[in-house]
2 protein chains.
Amino acid sequence: MTEDPARHRADAAEDLARGRGGAAEDPVRDPADRVFGALADPTRRALLDLIAEQGEATATSLAVRLPVSRQAIVKHLAVLDAAGLVTAARVGREVRYAVRPDALDATARWMSALASEWDRRLAALKRIAESG
Amino acid sequence: MTEDPARHRADAAEDLARGRGGAAEDPVRDPADRVFGALADPTRRALLDLIAEQGEATATSLAVRLPVSRQAIVKHLAVLDAAGLVTAARVGREVRYAVRPDALDATARWMSALASEWDRRLAALKRIAESG
DNA sequence: CATTACCGCAACCCCAGAGTTGCACATCGA
DNA sequence: TCGATGTGCAACTCTGGGGTTGCGGTAATG
C-alpha cells in the first residue's frame with residue numbers, strides 16, 4: 001500500500017510533460033535538452049569527432065568510416081542538426097556537414113551555471129546545519 | 001544500447017568516440033559519457049532539480065512529487081549516482097540523496113574545451129580557404 | 001513485539017529510436 | 001545523352017531502457 005497510483009500526479013509533472021507525454025508531442029524542447037539527447041549516443045559522438053577532424057564531411061563519406069549504413073548516419077546527422085551541433089550546407093549534389101562550437105559552448109556555460117547554483121545551495125545548507 | 005550482442009558495430013563506434021589510437025584515454029571522457037546519458041532523460045533532470053531544491057531527498061519523498069513510481073525513481077537515482085551527479089548516503093532506514101556539482105562542472109569544462117578545439121580547427125580551415 | 005514505514009529485488013510490459021533494406025530522385029562527368 | 005554517384009523517403013525489425021506491480025526484508029515507534 002506504499003505505492004498509491006492515485007497520487008501519481010504532482011506539481012512537477014509539467015517538467016516531464018515536455019519530454020515524453022502521450023498527447024502533447026513536441027512542445028519546444030529547450031536547446032540543452034536536445035544537446036544532451038544528441039550527445040548521449042556514442043555513434044553521434046563519433047560522428048562529431050570525425051566531422052571536426054575533417055572540417056567538413058558528407059553522410060556518404062562518414063558512412064565509409066563508421067560501421068553503420070548511410071541512412072543511419074543521415075538520421076544521426078539530422079539529430080545533431082536539430083540540436084544545433086552541426087550545420088548542413090548543400091553544395092551541388094552533396095550535403096556538407098560541419099561542427100558548430102557555439103551550441104556546445106552554450107550548453108557548457110549552462111551546465112557550469114547550474115553547478116554553481118548547486119554549490120551555492122549546498123553551502124547555504126551547510127551553514128544552517130552548523131549554526132542550528 | 002551500449003553493449004551489442006553482435007558486437008561489431010557499437011564497438012567500432014565506441015572506439016572512435018573515445019579518440020583514436022591512444023592507449024591513455026582521457027579520464028574525463030568516460031564520466032562525461034555517463035553524464036550525458038544521465039542528463040538525456042527528462043525525469044532524471046527533474047529529479048536533479050527537486051533534489052537541488054531541497055538539498056537532500058529520499059526516493060520515497062521524490063516519488064510523491066513526480067508522476068512515476070518509487071521504483072522508477074530508484075532506478076533513475078542509480079543512474080545519476082553512477083554518473084557522479086548525486087551522492088547516496090544511508091541514514092538509518094532511509095537513503096538520502098544530494099546533488100554533486102563537481103561532476104557537472106567537470107563535464108561542462110570538458111565540453112567547453114571541446115568547443116574551443118572545434119573553433120580552433122574551423123579558424124584554421126578558414127585561413128587555408130582564404131589563402132588558397 | 002507488533003506495527004508502521006522505507007528500502008531492495010525480480011519479473012514483466014511497452015515503445016522510442018537505432019539500424020536495416022529497397023527504390024526513386026537529382027546532379028555531375030564523359 | 002547516359003551512366004555513375006550522392007541524397008531523400010518509406011517501411012520494417014528489434015533491442016534497450018523507462019515504467020509498472022508484487023513481495024520480502026529491515027529499521028524506527030508505540
Side-chain angles (χ1 to χ4, degrees), chain A residues 1-10 13 16-26 29 33-34 36-47 56-83 88-97, chain B residues 1-14 17 34 36-47 56-64 66-83 88-97:
Chain A
M1 178 143 322
T2 313
E3 334 284 349
D4 190 349
R7 74 187 178 196
H8 278 181
R9 153 219 26 91
L16 293 173
R18 62 180 68 172
R20 147 179 57 264
E25 199 43 87
D26 218 71
R29 302 167 67 188
D33 197 330
R34 276 176 292 203
F36 289 141
L39 257 37
D41 185 88
T43 300
R44 284 194 284 266
R45 289 195 302 274
L47 278 176
E56 268 186 353
T58 65
T60 303
S61 72
L62 289 167
V64 175
R65 303 197 55 188
L66 283 181
V68 292
S69 70
R70 175 183 62 91
Q71 275 70 5
I73 302 283
V74 170
K75 287 187 185 178
H76 283 306
L77 288 173
V79 173
L80 290 171
D81 187 26
R90 173 138 224 163
V91 180
R93 100 179 119 180
E94 58 185 17
V95 178
R96 297 181 186 164
Y97 292 88
Chain B
M1 75 182 64
T2 314
E3 301 299 333
D4 195 331
R7 28 192 298 105
H8 52 307
R9 327 182 200 286
D11 279 351
E14 197 73 31
R34 275 175 289 199
F36 289 141
L39 257 38
D41 185 89
T43 301
R44 284 195 283 267
R45 288 196 303 273
L47 278 176
E56 268 186 353
T58 65
T60 302
S61 73
L62 289 166
V64 175
L66 284 180
V68 293
S69 69
R70 176 183 61 90
Q71 314 302 343
I73 302 284
V74 170
K75 287 186 186 180
H76 283 306
L77 288 173
V79 173
L80 290 172
D81 188 25
R90 174 138 224 162
V91 179
R93 112 179 110 177
E94 57 185 17
V95 178
R96 295 181 187 165
Y97 293 87

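Letters A, B, ... mirror the listed sequences (proteins, then strands); counts begin at 1. Predicted, not measured: the structure shown is a model, and the values here were computed from it.
Here A/Ile73 contributes atom CD1 and A/Leu66 contributes atom CG; the two are 4.5 Å apart, rounded to the nearest 0.5 Å. In this structure, CZ on A/Arg90 lies 11.5 Å from OG1 on A/Thr58, to the nearest 0.5 angstrom. B/Asp81 contributes atom CG, which lies 10.5 Å from atom CZ of B/Arg34 (distance to the nearest 0.5 angstrom). Interatomic distance, A/His76 NE2 to A/Thr43 OG1, rounded to the nearest 0.5 Å: 4.5 Å.
The interatomic distance linking B/Ile73 (CD1) with C/dC6 (P) rounds to 15 Å, in whole Å. Rounded to an integer number of Å, the gap from B/Tyr97 OH to C/dC6 P is 15 Å. Rounded to whole angstrom, the span from the CG atom of A/Leu62 across to the P atom of C/dG19 amounts to 14 Å. Summarising the geometry, the separation between CG on B/Leu77 and C1' on D/dG19 is reported as 15 Å, rounded to the nearest angstrom. Remark: P of C/dA5 and CD of B/Glu94 are 14 Å apart, rounded to the nearest angstrom.
Judged by distance alone, with hydrogens and angles left aside, B/Lys75 brings a side-chain donor or acceptor within reach of the base of D/dG19, the pair sitting under 3.5 Å.
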Any N/O pairs under 3.5 Å between the protein and nucleotides 25-28 of chain C? List them or say none.
{"residue": "C/dT27", "atom": "O2", "partner": "A/Arg93", "partner atom": "NH1", "Å": "3.1"}

Would you tabulate the nitrogen or oxygen pairs shorter than 3.5 Å linking the protein to nucleotides 22-24 of chain C?
{"residue": "C/dG22", "atom": "O6", "partner": "A/Gln71", "partner atom": "NE2", "Å": "2.9"}

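Contact check, A/Thr43 against C/dA18: no side-chain N or O comes under 4.0 Å of OP1 or OP2. Of the side-chain N and O atoms in A/His76, one or more sit less than 4.0 angstrom from OP1 or OP2 of C/dG19. Put simply, A/Ser69 has a side-chain N or O that comes within less than 4.0 Å of OP1 or OP2 on C/dT20.
The two atoms that bring A/Ser69 and A/Ala63 nearest to each other are C-CB, 4.3 Å, heavy atoms only.
Proximity of A/Glu94 to A/Thr60: side-chain heavy atoms (C-beta onward) are nowhere separated by under 4.5 Å. No side-chain heavy atom of A/Val95 sits under 4.5 Å from any side-chain heavy atom of A/Leu77.
A/Arg96 comes within 4.0 angstrom of no nucleic acid atom, judged by non-hydrogen atoms across all strands.
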### Task
Could you go through the side chain to side chain contact (heavy atoms under 4.5 Å, CB included) check for A/Val79 and A/Lys75 one step at a time?
CA-CA 6 Å; A/Val79 173; A/Lys75 287 187 185 178; 5.8 Å; no
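Between B/Val74 and A/Ala72, the residue anchored closer to the 5' end of DNA chain C is B/Val74, taking for each the nucleotide with the nearest heavy atom.
With hydrogens and angles disregarded, no donor-acceptor distance shorter than 3.5 Å links the side chain of A/Arg44 to the backbone of A/Leu39.
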